[in-house]
Q: 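Got a structure for you, written out below as structure tokens; questions coming shortly.
All residue numbers in this chain count up from 1 along the given sequence. The model shown is predicted, which means the values in this text are computed figures rather than measured ones.
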Amino acid sequence: MTLHLLGTLRWEPAGEASKPLPAVLPVAILLVLARHGQWMSRAKVAAIFWPDTAGDASLLNLRVNVHKARRLLEELSIEVPVESDRRGLRWAPPTDVGETSRAKGPLAVGFELPAFERFAAWLRDWRESCAGPSLRAVDDDDPDDGDAAWPEAPLSARFYGRRVELARLRSSNAPATLVSGDPGVGKSRLVAAAFDPTSWLRCREGMRQASFCAVAELFAAHPSWLQDLGAYRLDIARLLPDVAPDEPLPPLDALTARVRLFEALARTIERHVGLLAVDDLQWADAATVEWLVMLAHRGRLRWVATARGEEIPASTHTAIEALEARGALVVLPLQGLDRTAMNALLHDRRPDLAGSAGVPRPHAWLDALWSYTGGNAFCAIEVMDALTAADRPQRLSSLPLPDRVASMVRRRREGLDADGRAVVDACALAIGAPSVAQLAAMTGLSSAATFEALDASQAQGLTNDTTCGHDVVREAIRMAILPCRAAEMHANAARHLAESGAEPDRVAHHWRAAGDAEAAWPWMLRVAQRLKQRGEREAAVAALSEIRDATSDAALALRADIMLAQEHLFDDLPAGRQALESTLVRARCLPPDVARQTIEAHALSGLVDHAVFSGDLARACGLVQALRERLPGLDKDVLVEAHQVLIEATMRLGDAEAARVSLQGLRDARAAPAVVLSFEAQIHWFTGEVREARSVFEGLLARHPDYCQGLTIENDLAVMCHALGDLGTAEAMARRSLRSWAGVAHTEALSSLVLGSTLTSSGRYGEALEAFERARELGRQQGSALFVSEALARRSRLHWCEGDPDAAIVDAMAARAAAGQVDEPLRGSGLALAEMLAWVDVHRAPALEALARLEALAARSRHPVVRARLWRGRGAAAEARGDGPMALDAARRQVAVAREAGLAEWLCEALGRVARLATAAEADAACAEAQVLAHSQGFGWLVVQLDGEIPRPRRRA
């Protein structure tokens with residue numbers, strides 16, 4: 001995967017066509033971030049696009065367009081995320097100019113945004129300065145090169161990552177440097193690793209009112225500095241009385257005394273120290289800050305300070321900005337450890353939990369711990385030290401949070417006002433990325449107040465947009481919320497999400513967390529329906545069983561029973577029908593209201609499905625009418641299911657118009673797009689639009705692959721491909737379907753049938769026989785005479801293709817005995833043709849009864865497969881009567897039908913019969929086309945037949 005900057009700006013996924021990036025503002029922001037490749041301050045990015053806009057307004061513009069950029073990346077399936085924190089942004093995709101020092105072509109051709117003059121100038125300068133370092137050139141300071149840990153050093157002295165930050169610290173010539181970052185991120189450790197300072201000015205929490213307290217401690221810790229103070233001895237004695245314990249201090253006014261003290265301290269430390277380390281500048285008193293500013297301006301001593309940026313008081317912040325403006329101070333924001341550094345730390349500190357991995361391979365806990373702590377070194381060390389051999393990475397979030405970590409987070413929470421604490425609590429309790437409206441509903445605040453509280457919490461490093469900074473923050477905040485307050489906020493969230501049409505699992509989660517299980521059960525029922533659609537049957541059954549056993553709502557328990565009964569339709573048809581009919585009887589005990597109507601419609605939907613699966617279209621017709629009477633006023637979820645089964649039934653009953661009405665019903669009910677597409681494709685198939693059906697199924701598979709275990713997408717696509725003669729794709733899809741639906745007897749049987757038919761067309765009879773036998777056995781297990789009959793009918797065709805009409809007629813008769821009267825044209829015409837072809841080859845006479853059945857079924861369907869079978873049957877009957885002209889006419893008509901619909905195998909077979917029955921010129925042309933088609937498409941049985949090698953029909957003794 002590569003971002004191509006040379007030529008047209010485009011994204012090139014691995015093994016896929018490149019995707020051009022449009023010349024829009026969000027892409028321009030991505031381009032700026034990609035060129036930088038490292039963290040950029042939000043203010044710096046905003047200044048490139050809105051240099052004349054006030055700071056807050058430009059940052060708001062940036063936030064909106066970064067959100068749009070993320071949406072665009074998601075739409076283009078670009079998996080490199082835009083990373084962000086309260087101050088900075090980073091987007092670092094691999095690019096095509098990162099391996100050389102000079103670009104070898106024009107950059108971002110055609111990418112222009114003339115309305116943004118500063119950006120246009122930036123882009124122009126970049127294009128003109130291609131001789132400079134490349135976008136992602138890797139040097140010794142690239143943090144992605146990994147740890148900077150020295151193997152020979154003891155563990156306590158080792159340092160992990162931070163190579164870029166170390167280099168920046170060491171190479172800076174500024175008199176002062178400020179390293180800012182979250183608590184525990186490793187600021188002091190970085191300064192210690194960079195300089196190994198001998199002098200630390202350590203500011204302490206709660207000491208801002210005590211002037212020079214930290215400075216006094218520093219000087220007192222270095223008695224040698226207090227020797228030979230000269231003229232300033234008594235001035236320093238004002239701060240440290242032990243310097244001149246028995247001498248009276250000269251009387252001075254406050255201002256003069258202060259000036260002389262500042263000068264005395266500065267001269268003394270400058271004489272003894274070249275670099276001063278300052279820890280926790282955010283807690284420094286005003287006098288200490290003024291003195292440090294004085295040292296920076298004098299420039300004789302360099303100081304490097306650490307600070308929690310969000311806790312720096314306004315006065316100190318003003319002083320820092322003034323030093324920055326004069327070039328006397330640089331700020332180095334520090335982020336969490338990268339994955340490589342975290343991996344090295346884990347291997348060193350917890351090698352006992354590394355599993356089979358060894359350096360530099362990923363540690364077993366790397367992914368979980370890095371995601372959980374956001375790379376915060378202090379949090380990571382505390383958590384990893386608390387792990388035991390019995391713990392598992394998958395359950396990290398359920399382990400107790402170390403007290404020191406929880407206390408650190410809670411102290412920052414307490415620094416917020418009441419609104420800020422409420423919003424942070426809501427962020428911690430919400431799942432996913434809640435909207436501002438949801439947070440406002442949970443807290444009872446206005447949208448404006450919620451925005452202000454989010455800004456405050458982000459300044460404290462607790463949140464990022466509307467989510468907690470990382471999982472450690474979330475867990476620590478949750479532990480601090482009173483249970484009654486948490487329950488109230490969860491209930492508010494559930495009500496808001498229900499009103500806004502959110503996914504049912506989110507609503508159910510909040511109701512259950514609020515302690516109101518009865519309010520959660522209806523939403524859990526919808527969750528179970530979603531799980532079924534995605535093929536997660538075990539999870540769906542578990543959820544339904546819990547609802548049935550726990551709810552006090554009789555109607556809801558019945559609906560859960562219905563859905564559990566529907567699951568039997570996949571493996572035990574008789575049991576499924578019995579359970580559904582039982583719930584229908586029990587529903588009559590309920591009052592005649594909407595709840596009863598819903599339950600009856602739900603049960604009838606299952607019974608329609610059963611009738612379709614059983615091939616009993618007469619019973620299905622009556623059930624369809626009863627179901628339609630109950631459609632008005634149904635809940636969305638039951639209505640969607642009802643329309644699905646109505647489509648299944650009406651398509652097989654030949655009522656395409658009714659099927660289309662139900663398809664529109666699915667759209668009106670806002671059914672899942674994958675479900676709508678699936679049934680749209682099926683309607684195309686049953687109305688004979690085979691190419692269109694394939695196209696929709698392919699689009700569905702590409703856009704919604706996660707539904708392959710809930711919808712029979714792969715199986716249905718295999719059917720389309722087989723009908724169109726694309727045997728390779730048909731086999732691949734059938735085998736994929738068998739993997740996706742392993743253990744589900746119903747769909748395994750369907751996929752085994754289409755696989756067997758595909759293998760038969762290929763001439764791979766042994767493999768096809770195994771597939772048909774598997775389908776027949778699965779049909780027996782389900783109690784499905786329909787599947788047993790279908791397996792036998794297709795096996796009859798196999799025997800006929802390989803030249804064994806005796807075996808073919810035996811299987812055809814067995815199929816008829818198993819199924820009885822088959823009213824569905826597609827299934828029935830296949831069995832009728834199998835009977836007829838076998839009969840003609842064995843008895844050399846027309847099979848009049850089978851032909852009559854074929855004629856009757858074809859009269860009810862215009863499907864091209866049914867029409868092709870009709871002309872094939874008529875041709876066979878004409879040949880058996882010795883009527884060559886009629887047989888040739890039937891073959892020509894089969895050619896026309898198959899060619900128009902794209903049915904390659906039917907076309908090839910019909911051309912072969914035209915070649916055998918027509919005069920020389922027509923026969924030669926038909927033979928040549930059939931030969932090409934048979935060989936190119938891999939129709940093995942037709943290749944043998946067209947080459948003249950098919951054996952004469954074998955008669956069994």
Side-chain angles (χ1 to χ4, degrees), residues 173-179 188 191 195-307 312-329:
N173 294 319
T177 302
L178 177 65
V179 180
S188 301
V191 173
F195 304 109
D196 192 18
T198 58
S199 303
W200 281 88
L201 178 66
R202 299 190 185 276
C203 307
R204 305 184 190 282
E205 188 173 9
M207 300 298 289
R208 283 186 189 147
Q209 305 306 316
S211 295
F212 278 138
C213 179
V215 176
E217 288 183 356
L218 171 66
F219 276 72
H222 294 82
S224 62
W225 296 1
L226 304 177
Q227 305 298 321
D228 301 324
L229 294 176
Y232 290 101
R233 188 171 64 88
L234 294 181
D235 295 293
I236 288 182
R238 295 182 187 277
L239 178 65
L240 298 168
D242 289 344
V243 171
D246 300 321
E247 297 182 45
L249 300 178
L252 293 174
D253 63 88
L255 179 60
T256 303
R258 180 183 179 87
V259 170
R260 287 187 61 84
L261 177 59
F262 272 48
E263 182 71 17
L265 292 172
R267 285 174 176 260
T268 300
I269 198 168
E270 287 168 351
R271 193 166 68 246
H272 294 281
V273 175
L275 181 138
L276 174 65
V278 183
D279 205 19
D280 289 318
L281 182 63
Q282 75 277 359
W283 293 328
D285 59 275
T288 298
V289 173
E290 288 183 44
W291 181 63
L292 289 171
V293 170
M294 172 185 170
L295 291 176
H297 283 303
R298 289 164 68 98
R300 300 169 189 170
L301 170 149
R302 180 184 177 191
W303 57 263
V304 179
T306 68
I312 296 176
S315 58
T316 305
H317 190 69
T318 300
I320 290 171
E321 287 183 332
L323 286 176
E324 273 193 286
R326 292 178 60 93
L329 179 143

Q: Among all residues two or more places apart in sequence or in another chain, which pass the side chain to side chain donor-acceptor pair (under 3.5 Å) test with S315?
A: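 None.
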Q: Listed by chain and number, what are the salt bridge (Lys or Arg N to Asp or Glu O under 4.0 Å) partners of R260, not counting sequence neighbours?
A: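 Only D235 meet the salt bridge (Lys or Arg N to Asp or Glu O under 4.0 Å) criterion with R260.
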Q: Kindly write out the residues that satisfy side-chain contact (heavy atoms from CB on, under 4.5 Å) with A257, not counting sequence neighbours, or none if the list is empty.
A: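 Testing A257 for side-chain contact (heavy atoms from CB on, under 4.5 Å), a comparison that skips the adjacent residues, returns R238, L252.
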Q: Which residues satisfy the side chain to side chain donor-acceptor pair (under 3.5 Å) test with T177, sequence neighbours excluded?
A: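 Partners of T177 under the side chain to side chain donor-acceptor pair (under 3.5 Å) test: R302.
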Q: Output every pair passing side chain to side chain donor-acceptor pair (under 3.5 Å) with a member in residues 219-228, not counting sequence neighbours, ordered by first then second residue.
A: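 Side chain to side chain donor-acceptor pair (under 3.5 Å) check on residues 219-228 returns no pairs.
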Q: Does A307 have any side-chain contact (heavy atoms from CB on, under 4.5 Å) partners at least two apart in sequence or in another chain, and if so, which?
A: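 Residues passing side-chain contact (heavy atoms from CB on, under 4.5 Å) with A307: L178, L281, Q282, I312.
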Q: Among residues at least two apart in sequence or on other chains, which ones pass side-chain contact (heavy atoms from CB on, under 4.5 Å) with A322?
A: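 A322 satisfies side-chain contact (heavy atoms from CB on, under 4.5 Å) with no residue once adjacent residues are dropped.
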Q: Show every donor-acceptor pair shorter than 3.5 Å between a side-chain atom in residues 284-295 and any protein atom, with sequence neighbours excluded, or say none if there are none.
A:
from: D285; atom 1: OD1; to: F212; atom 2: N; distance (Å): 3.3
from: D285; atom 1: OD1; to: T288; atom 2: OG1; distance (Å): 2.7
from: D285; atom 1: OD2; to: F212; atom 2: N; distance (Å): 3.2
from: D285; atom 1: OD2; to: A287; atom 2: N; distance (Å): 3.1
from: D285; atom 1: OD2; to: T288; atom 2: N; distance (Å): 2.9
from: D285; atom 1: OD2; to: T288; atom 2: OG1; distance (Å): 3.2
from: E290; atom 1: OE1; to: R258; atom 2: NH2; distance (Å): 2.9
from: E290; atom 1: OE2; to: R258; atom 2: NH2; distance (Å): 3.0

Q: Heavy-atom count around H317 NE2 within 6.0 Å, excluding the residue itself: above 12?
A: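 Open.
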Q: Does E247 have any salt bridge (Lys or Arg N to Asp or Glu O under 4.0 Å) partners at least two apart in sequence or in another chain, and if so, which?
A: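 Applying salt bridge (Lys or Arg N to Asp or Glu O under 4.0 Å) to E247 gives R233.
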Q: Answer yes or no: are there more than 12 heavy-atom neighbours, outside R326 itself, under 6.0 Å from its atom CZ?
A: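 At most 12 heavy atoms, drawn from other residues, nucleotides or ligands, come within 6.0 Å of this atom.
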Q: Any side-chain heavy-atom pair from D242 and L226 closer than 4.5 angstrom?
A: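 With C-beta onward as the side chain, the pair stays apart.
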Q: Considering residues at least two apart in sequence or located in another chain, which fulfil the salt bridge (Lys or Arg N to Asp or Glu O under 4.0 Å) criterion with D279?
A: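 Here the qualifying residues are R202.
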Q: Go through the steps for L265 and Y232 under the test side-chain contact (heavy atoms from CB on, under 4.5 Å), then give the verdict.
A: CA-CA 9 Å; L265 292 172; Y232 290 101; over 6 Å; no
Q: Which pairs with one or both residues in residues 209-223 pass salt bridge (charged side-chain N to carboxylate O under 4.0 Å, His left out), sequence neighbours excluded?
A: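 As it turns out, the salt bridge (charged side-chain N to carboxylate O under 4.0 Å, His left out) pairs with a partner in residues 209-223, which skip direct neighbours, are R204-E217.
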Q: Restricting to salt bridge (Lys or Arg N to Asp or Glu O under 4.0 Å), what partner residues turn up for R271, sequence neighbours left out?
A: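 Applying salt bridge (Lys or Arg N to Asp or Glu O under 4.0 Å) to R271 gives none.
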